[in-house]
**Student:** 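Submitted below is the structure of interest, expressed as structure tokens.
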Amino acid sequence: MASDKPFLSDVKTLRARARKNLDTGAIGTTYVGDVKKTIDILQSVLATEIVCVLRYSMHSIAASGISSEGVKAEFAQHAKEEHGHAMEVAERINQLGGKPNFNPEGLLTRSASQYAEGANLVDMIKENLIAERIAVDHYRELVRYFGNDDPGTRVMIEGILRVEEEHADDMHDLLVAHEGKPMLK
Ligand SMILES: [Fe+2]
Ligand SMILES: [Fe+2]
């Protein structure tokens with residue numbers, strides 16, 4: 001009976017392939033897909049994460065009023081996690097042979113999420129929930145896009161996606177706590 005399992009290379013082939021084309025850097029010769037396009041996509045993810053760091057950092061300072069202390073702490077924690085994501089993505093761009101773009105010029109154009117200050121605590125929570133939803137949407141698409149062509153990048157995005165889903169959930173809970181109901185359908 002024919003197996004539909006993917007073909008597995010033997011050890012000799014794996015060793016020989018690893019020795020060939022060392023100039024292709026860390027990614028090797030079996031990378032399926034367009035490395036340049038992957039780098040471009042990851043530059044946009046990097047910009048998205050940096051904008052999230054900036055927005056949450058700003059909110060963690062600006063949030064004020066009764067019962068804002070817990071929210072401030074949550075914003076600060078998220079800012080830290082978004083920074084971790086940015087570094088992970090930058091590291092991956094570097095592995096793929098690209099140069100991570102940290103240039104503040106054009107940052108908002110490259111980013112999927114927006115930098116919104118929010119007039120008050122509830123507005124800030126809403127803006128963060130919106131930004132998290134954008135990130136979740138975008139990263140789900142990317143997981144499907146990378147699929148089996150680039151499992152390394154896909155697994156990284158999956159890890160980040162899980163955290164963004166938690167972030168969205170945290171913002172949703174805060175919104176319910178402060179408004180009595182979720183204002184976003
Ligand atoms: Fe993030
Ligand atoms: Fe997030």
Side-chain angles (χ1 to χ4, degrees), residues 37-94 98-146 153-185:
K37 180 140 190 239
T38 300
I39 291 170
D40 282 350
I41 291 170
L42 292 182
Q43 298 287 18
S44 150
V45 174
L46 174 59
T48 300
E49 294 295 340
I50 296 172
V51 168
C52 288
V53 174
L54 297 174
R55 196 192 55 255
Y56 273 125
S57 300
M58 193 276 178
H59 288 177
S60 75
I61 302 296
S64 61
I66 298 166
S67 73
S68 74
E69 283 312 309
V71 182
K72 281 166 90 99
E74 188 103 39
F75 287 165
Q77 179 63 31
H78 284 200
K80 220 193 261 173
E81 285 165 0
E82 309 296 13
H83 180 256
H85 295 164
M87 295 308 281
E88 253 186 276
V89 173
E91 191 62 56
R92 184 66 183 158
I93 292 172
N94 184 59
K99 196 173 102 198
N101 190 352
F102 281 95
N103 194 335
E105 204 169 278
L107 183 66
L108 271 176
T109 322
R110 297 194 299 277
S111 162
S113 60
Q114 292 156 301
Y115 182 86
E117 295 195 341
N120 52 54
L121 193 65
V122 168
D123 267 4
M124 290 177 197
I125 300 169
K126 280 183 193 168
E127 287 303 337
N128 289 319
L129 177 52
I130 292 166
E132 295 296 352
R133 283 185 170 190
I134 293 171
V136 163
D137 231 37
H138 185 33
Y139 297 167
R140 276 187 195 143
E141 271 184 18
L142 290 183
V143 166
R144 287 191 282 265
Y145 173 83
F146 289 117
T153 302
R154 189 199 71 228
V155 168
M156 176 192 71
I157 298 284
E158 281 173 353
I160 296 176
L161 170 63
R162 265 206 311 280
V163 177
E164 309 302 7
E165 285 175 340
E166 274 170 33
H167 287 173
D169 201 45
D170 292 343
M171 290 302 118
H172 181 265
D173 289 351
L174 283 179
L175 203 52
V176 174
H178 285 263
E179 289 276 81
K181 58 185 185 316
M183 297 293 285
L184 293 169
K185 291 238 167 64

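Side chains are part of it too, since the values below use all heavy atoms of this structure and drop only hydrogens, waters and symmetry mates. Being a predicted model, the structure only gives us computed values, none of them experimental.
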**Student:** Any side-chain heavy atom of Ile93 sitting closer than 4.5 Å to one from Lys99?
**Tutor:**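 Not touching, per the 4.5 Å side-chain cut-off.
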**Student:** With distance as the sole test, does Ser60 use its side chain to make a donor-acceptor pair with the main-chain N or O of Ser57 at under 3.5 Å?
**Tutor:**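 Yes.
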**Student:** If you round to the nearest 0.5 Å, how far is CD of Glu141 from CZ of Phe146?
**Tutor:**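 Spacing of CZ (Phe146) from CD (Glu141) equals 11.5 Å.
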**Student:** If we only count heavy atoms from C-beta on, is the Met171 to Phe75 side-chain gap below 4.5 Å?
**Tutor:**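 The answer is yes, as the side chains (C-beta and beyond) meet within the 4.5 Å cut-off.
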**Student:** Indicate yes or no for a side-chain donor-acceptor contact from Arg110 to the backbone of Glu105 under 3.5 Å, with no hydrogens or angles considered.
**Tutor:**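 Looks like yes, one N/O pair under 3.5 Å.
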**Student:** To the nearest 0.5 Å, tell me how far Arg92 CZ sits from Ile39 CD1.
**Tutor:**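 CD1 of Ile39 is found 9.5 Å from CZ of Arg92.
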**Student:** For a side-chain contact (heavy atoms from CB on, under 4.5 Å) check, start with the C-alpha distance between Val51 and Tyr56, then their side-chain angles and the critical distance, and finish with the verdict.
**Tutor:** CA-CA 9 Å; Val51 168; Tyr56 273 125; over 6 Å; no
**Student:** Is any side-chain heavy atom of Arg55 less than 4.5 Å from a side-chain heavy atom of Glu117?
**Tutor:**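 Side-chain contact under 4.5 Å: no.
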**Student:** Calculate, to the nearest 0.5 Å, the distance between atoms CD and NE2 belonging to Glu164 and His85 respectively.
**Tutor:**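 Glu164 CD to His85 NE2: 5.0 Å, rounded to 0.5 Å.
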**Student:** What distance do Leu42 atom CG and Asn94 atom CG have between them, rounded to the nearest 0.5 Å?
**Tutor:**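 Interatomic distance, Leu42 CG to Asn94 CG, rounded to 0.5 Å: 12.0 Å.
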**Student:** Which atom names give the shortest non-hydrogen contact between Leu121 and Ala63, and what distance separates them?
**Tutor:**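 Taking every non-hydrogen atom into account, CD1-CB, 3.5 Å.
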**Student:** Please report the interatomic distance CD(Glu82) to CD1(Ile50), rounded to the nearest 0.5 Å.
**Tutor:**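 Between atom CD of Glu82 and atom CD1 of Ile50 there are 11.5 Å.
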**Student:** Kindly indicate whether the side chain of Gln43, heavy atoms from C-beta on, has any atom under 4.5 Å from the side chain of Phe102.
**Tutor:**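 A side-chain contact is absent here, since even the closest heavy-atom pair is not under 4.5 Å.
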**Student:** Taking C-beta and beyond as the side chain, do Leu54 and Leu107 meet within less than 4.5 Å on heavy atoms?
**Tutor:**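 Yes, at least one pair of side-chain atoms sits under 4.5 Å.
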**Student:** Does His83 have more than 12 heavy atoms from other residues, nucleotides or ligands lying within 6.0 Å of its NE2?
**Tutor:**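 No.
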**Student:** Counting only heavy atoms not in Gln77 (residues, nucleotides, ligands), do more than 12 fall under 6.0 Å from its CD?
**Tutor:**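 Buried by this count: over 12 neighbours within 6.0 Å.
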**Student:** Pick out which of Leu174, Asp170, Val176, Leu175 makes a side chain to side chain contact (heavy atoms under 4.5 Å, CB included) with His172.
**Tutor:**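 By the side chain to side chain contact (heavy atoms under 4.5 Å, CB included) criterion, His172 pairs with just one of Leu174, Asp170, Val176, Leu175: Val176.
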**Student:** Any idea which heavy atoms bring Cys52 and Ser113 closest together, and the distance?
**Tutor:**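 So the two residues come closest at SG-OG, 3.6 Å.
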**Student:** Just verifying a value: how many Å separate Arg162 CZ and Glu166 CD, rounded to the nearest 0.5 Å?
**Tutor:**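 Spacing of CZ (Arg162) from CD (Glu166) equals 8.5 Å.
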**Student:** For Asn128 and His59, test the side chains for any donor-to-acceptor distance below 3.5 angstrom and give the result as yes or no.
**Tutor:**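 A donor-acceptor contact under 3.5 Å links the two side chains.
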**Student:** Yes or no on salt bridge (charged side-chain N to carboxylate O under 4.0 Å, His left out) for Arg154 and Glu158, after CA distance, side-chain angles and deciding distance?
**Tutor:** CA-CA 6 Å; Arg154 189 199 71 228; Glu158 281 173 353; 3.2 Å; yes
**Student:** Taking the side chain as C-beta and beyond, is there a heavy-atom pair between Ile157 and Tyr145 under 4.5 Å?
**Tutor:**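 Ile157 does not reach Tyr145 side chain to side chain.
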**Student:** Does Glu165 reach the side chain of Arg140, with side-chain heavy atoms less than 4.5 Å apart?
**Tutor:**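 Yes. Closest side-chain heavy atoms under 4.5 Å.
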**Student:** Can you list the steps and then say if Glu179 with Lys126 is a side-chain contact (heavy atoms from CB on, under 4.5 Å)?
**Tutor:** CA-CA 11 Å; Glu179 289 276 81; Lys126 280 183 193 168; 4.3 Å; yes
**Student:** Are side-chain heavy atoms of Glu69 and Glu74 found at a separation under 4.5 Å?
**Tutor:**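 The answer is no, as the side chains (C-beta and beyond) never meet within the 4.5 Å cut-off.
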**Student:** Which heavy atom of Asn101 sits nearest to which heavy atom of Leu46, and what is that distance?
**Tutor:**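 For Asn101 and Leu46, the tightest heavy-atom pair comes out as O-CD2, 3.4 Å.
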